[in-house]
A.B. asks: 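Handing you a structure now.
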2 protein chains.
Amino acid sequence: MRVRLEDVARAASVSPKTVSRVLNDEANVSDATRKRVRAAMEAMDYRPHPSARSLAGNRSFLVAMLYDNNDNPASTYLAEIQDGVLEACDAHRYSMMVRPLRMRSDDFIRRLDALISDHHPDGVVLTPPITDYAPLLKRLRERDVPYASVSPQSGGGIGVSMDEQAAARAIVEHLLALGHRRIAHVVGIADHGASRWRLAGYREAMAAAGLPEDPALVVQGAFTFGSGVTAARELFALQQRPTAVFAANDDMATGVMWAAGEYGLKVPHDLSVCGFDDTPLARQLWPALTTIQQPSREMGRIAAQQLLGVLRGRGPGELVQVPFALQIRGSTARAP
Amino acid sequence: MRVRLEDVARAASVSPKTVSRVLNDEANVSDATRKRVRAAMEAMDYRPHPSARSLAGNRSFLVAMLYDNNDNPASTYLAEIQDGVLEACDAHRYSMMVRPLRMRSDDFIRRLDALISDHHPDGVVLTPPITDYAPLLKRLRERDVPYASVSPQSGGGIGVSMDEQAAARAIVEHLLALGHRRIAHVVGIADHGASRWRLAGYREAMAAAGLPEDPALVVQGAFTFGSGVTAARELFALQQRPTAVFAANDDMATGVMWAAGEYGLKVPHDLSVCGFDDTPLARQLWPALTTIQQPSREMGRIAAQQLLGVLRGRGPGELVQVPFALQIRGSTARAP
DNA sequence: ATGAAAGCGCTAACAC
DNA sequence: GTGTTAGCGCTTTCAT
């Protein structure tokens, strides 16, 4: 039969309430008692019943991870974040649920409300791009649901972020160091923070090198392979082709490499290409892709840790900054 | 304030128990009453409290999806399955949790036990390769936890499967039709069902074409890009090189294409390459990869539906077979 | 076909 | 520092 809190209490010769206190790391239990209760729990392999706990305590020990499955980033990226979040939740014996939501759908808020009413998560972790969706944030605050964000655009909340602008700058500086001057940039979906930062980093590096911005070299993409192909065709049709292309993510960079093949351009001999994210794909291409590595798994873990800190009453939480790593591979070489 | 079952009962002028009956689709409620109660629920936007429900009813309305995050398949594959499972769970107002587990770890069963004791899932969905891990299945049966499998090797249980052997046969027949005779196969991780079926299909097609098996043309891989590269190098070093390579998944096929580049072999002119799974990568390579498309998302949904059918007392469930689709792309062409 | 009473396993509020 | 009492919101069992 199931071991209940009451059984532990009897075994440790204390009241149920005391066992509850120990279980929840509350104060006002003497060290001796605490130890005795812990031993009893251990010996009996006691597992608190989550439903009883949440019913009585009015908290669910549940964290929901929200993501956009419409114009979402690469599935690898999300999978890694998810693993990180899960890891942190496990460590604190919280459970996690995942919720795909469509930001561009008009019943977004209704679905969010349903999630909250149906499952009562104690908090949520937000992943890009919904990290910056104002109506969502507003609703979460209205309903008093704490949240932590992965790579938010604004700095107000808690969670984790990476200096994407500095990373973009670093990758463009790498191209500049290889002697490239006509460097193009393929932009991501307009309102995503990722797109803005990477574009800003590109501009900053170009300006610092004394290169005036050539609007023809900045083309719009949409984070997909196909949009990379289209953007690259536009670039290759120019009178003065770029000698290097920095795409705002690896998928678009792959599209650029594909289009290069169509145009008979050899990468990296005729054209250097680089991306952003370091998806597994980046290593599998031939030549392998120069890109920026994000510690996605760790970012997921950190965001969840910040949220859990708040839920467990361990202070207000913060926005943690993580480092990036420039991965130089075969797709970039000296300018022709 | 929260609307409770009792409030609905009052509004519909019935007892709480009757509302409960309606909520759970039980018998012994007159149509008129049922309708009235439903209307009241709707009007008040009633949401049953999941914890109260599971505490009193001794069921969690929770489905756990188990996967191996050690030698797991591509993350895209799992992400799609996950989305499908989630879709089915949502439709029946079950919640879903995901659990990475390491099959090759000695505390596997302990972790499984912890999952069951801590979260009390009403059932679990198993994904390859843990679908076939005997100790796991045994423990689930011992603890009376119903499960449904995605692509199990043995036919006893419920879930969903695809005729992978027929698919492998089809892809090899495609190569044969292009005039290839020296067709190599890169095998996946030995004990995975996927590896066995795909190898069996290869053999079957070759035998049917009257080609004796050449052991040198069957090399071991491990489902990873790197293992595809290694396997291909082995093949290209042969006196008589193959003119086509069928790799047991897309990642390995990508490795084969990479190695072909190293050896100066043009795909598909000098060498045809095909894979299995139709990951997004397959379309992004250049040339794009001929492969087998699995309806992963739908498979996840179907597996979950079968499980939910059992949990909801809707009969015993079955092992549903789904069709595959041969995707012919640029990586395969007439034999040189 | 419907209802009354009891209780699932835990925690909140309040004693002491 | 510890215990007592009364629920949390639902389902069970057993009446009727």
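Every chain is numbered from 1, with letters handed out A, B, ... down the list of sequences.
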A.B. asks: With a 4.0 Å cutoff (strictly under), does any side-chain N or O of A:Ser30 reach OP1 or OP2 of D:dT2?
C.D. replies: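 The answer is yes; a side-chain N or O of A:Ser30 sits under 4.0 Å from OP1 or OP2.
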A.B. asks: Between A:Pro16 and B:Leu55, just flag the one whose closest nucleotide in DNA chain C comes earlier from the 5' side.
C.D. replies: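 Whichever sits nearer the 5' end wins; that is B:Leu55.
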A.B. asks: Can you classify the ring geometry of A:Tyr133 versus A:Phe108 as parallel (below 30°), tilted (30 to 60°) or perpendicular (above 60°)?
C.D. replies: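 Answer is perpendicular, since the angle exceeds 60°.
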A.B. asks: Using heavy atoms to find the nearest nucleotide of DNA chain C for B:Gly57 and B:Asp31 separately, return the residue whose nucleotide is more 5′.
C.D. replies: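 Result of the comparison: B:Asp31.
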A.B. asks: Taking only Lys NZ, Arg NE, NH1 and NH2, and the carboxylate oxygens of Asp or Glu, determine whether A:Arg38 and A:Asp31 approach each other closer than 4.0 Å.
C.D. replies: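 A:Asp31 and A:Arg38: not salt-bridged.
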A.B. asks: Round to a whole Å and report the spacing from NE2 of B:His120 to C1' of C:dC8.
C.D. replies: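 Rounded to the whole Å, the gap is 12 Å.
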A.B. asks: Taking the minimum atom-to-atom distance to the side chain of B:Lys17, which one of D:dG1, D:dT11, C:dC10 wins?
C.D. replies: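 Of the candidates, D:dT11 comes closest.
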A.B. asks: With a 4.0 Å limit, can you tell me whether B:Tyr46 has a side-chain N or O closer than that to the phosphate oxygens OP1/OP2 of D:dG9?
C.D. replies: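 So the side chain of B:Tyr46 is outside the cut-off, no N or O lying under 4.0 Å from OP1 or OP2 of D:dG9.
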A.B. asks: How long is the line joining CG of A:Asn28 and P of C:dT11, in whole Å?
C.D. replies: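 Checked: the CG to P distance equals 16 Å.
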A.B. asks: From the options C:dA1, D:dG9, D:dT11, select the nucleotide whose nearest atom is closest to the side chain of B:Arg53.
C.D. replies: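 Comparing C:dA1, D:dG9, D:dT11 against the side chain of B:Arg53, the answer is D:dT11.
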A.B. asks: In whole angstrom, what separates B:His49's NE2 from D:dG7's C1'?
C.D. replies: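 So the two atoms are 14 Å apart, to the nearest Å.
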A.B. asks: Among C:dC8, D:dT2, C:dA1, find the nucleotide with the atom closest to the side chain of B:Ala56.
C.D. replies: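 Shortest atom-to-atom distance from the side chain points to C:dC8.
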A.B. asks: Mind calculating the distance between CZ (A:Arg2) and C1' (C:dC10) to the nearest angstrom?
C.D. replies: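 Atom CZ in A:Arg2 sits about 11 Å away from atom C1' in C:dC10.
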A.B. asks: Does a salt bridge link B:Arg53 with A:Asp118, judged by any charged N lying under 4.0 Å from a carboxylate O?
C.D. replies: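 Salt bridge between B:Arg53 and A:Asp118, a charged N being under 4.0 Å from a carboxylate O: no.
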A.B. asks: Counting side-chain heavy atoms from C-beta on, which of D:dT11, C:dT2, C:dA12 comes nearest to A:Glu26?
C.D. replies: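 The closest nucleotide is C:dA12.
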A.B. asks: Round to a whole Å and report the spacing from CG of A:Asn58 to P of D:dA6.
C.D. replies: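 Between P of D:dA6 and CG of A:Asn58: 21 Å.
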A.B. asks: Report the nucleotide, chosen from C:dG3, C:dT11, D:dG1, that has the shortest atom-to-atom distance to any side-chain atom of B:Ser15.
C.D. replies: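 Nearest listed nucleotide: C:dG3.
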A.B. asks: Side chain of B:Ala52 only, please: which of D:dG9, D:dT11, D:dT12 is the nearest?
C.D. replies: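 Closest of the options to the side chain of B:Ala52: D:dG9.
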A.B. asks: Between A:Asp113 and A:Arg110, is the closest basic N to carboxylate O distance under 4.0 Å?
C.D. replies: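 No, this pair does not count.
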A.B. asks: Quick one: the side chain of B:Arg21 and the base of C:dG3, do they pair up donor-acceptor inside 3.5 Å?
C.D. replies: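 Under the 3.5 Å cut-off, the side chain and the base do form a donor-acceptor pair.
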A.B. asks: Atom CG of B:Leu23 to atom P of D:dG9: distance rounded to whole Å?
C.D. replies: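 So the CG-P distance, B:Leu23 to D:dG9, works out to 15 Å.
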A.B. asks: Quick one: B:Glu6 CD to D:dT11 C1', roughly how many Å, whole number?
C.D. replies: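 Whole-Å distance recorded here is 14 Å.
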A.B. asks: Separation of A:Leu5 atom CG from D:dT4 atom C1', in whole Å?
C.D. replies: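 In whole Å, D:dT4 C1' lies 14 Å from A:Leu5 CG.
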A.B. asks: Any side-chain N or O of A:Ser20 under 4.0 Å from OP1/OP2 of C:dT11?
C.D. replies: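 Affirmative; the distance criterion is met.
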A.B. asks: Quick one, B:Gln82 with A:Gln82, criterion side-chain hydrogen bond (donor to acceptor under 3.5 Å, both in side chains). Give me CA distance, side-chain angles, the key distance, then yes/no.
C.D. replies: CA-CA 12 Å; B:Gln82 177 178 308; A:Gln82 178 178 310; 3.1 Å; yes
A.B. asks: Which of the following nucleotides, C:dC10, C:dG3, C:dT2, is nearest to the side chain of A:Arg4?
C.D. replies: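 For the A:Arg4 side chain, the nearest candidate turns out to be C:dC10.
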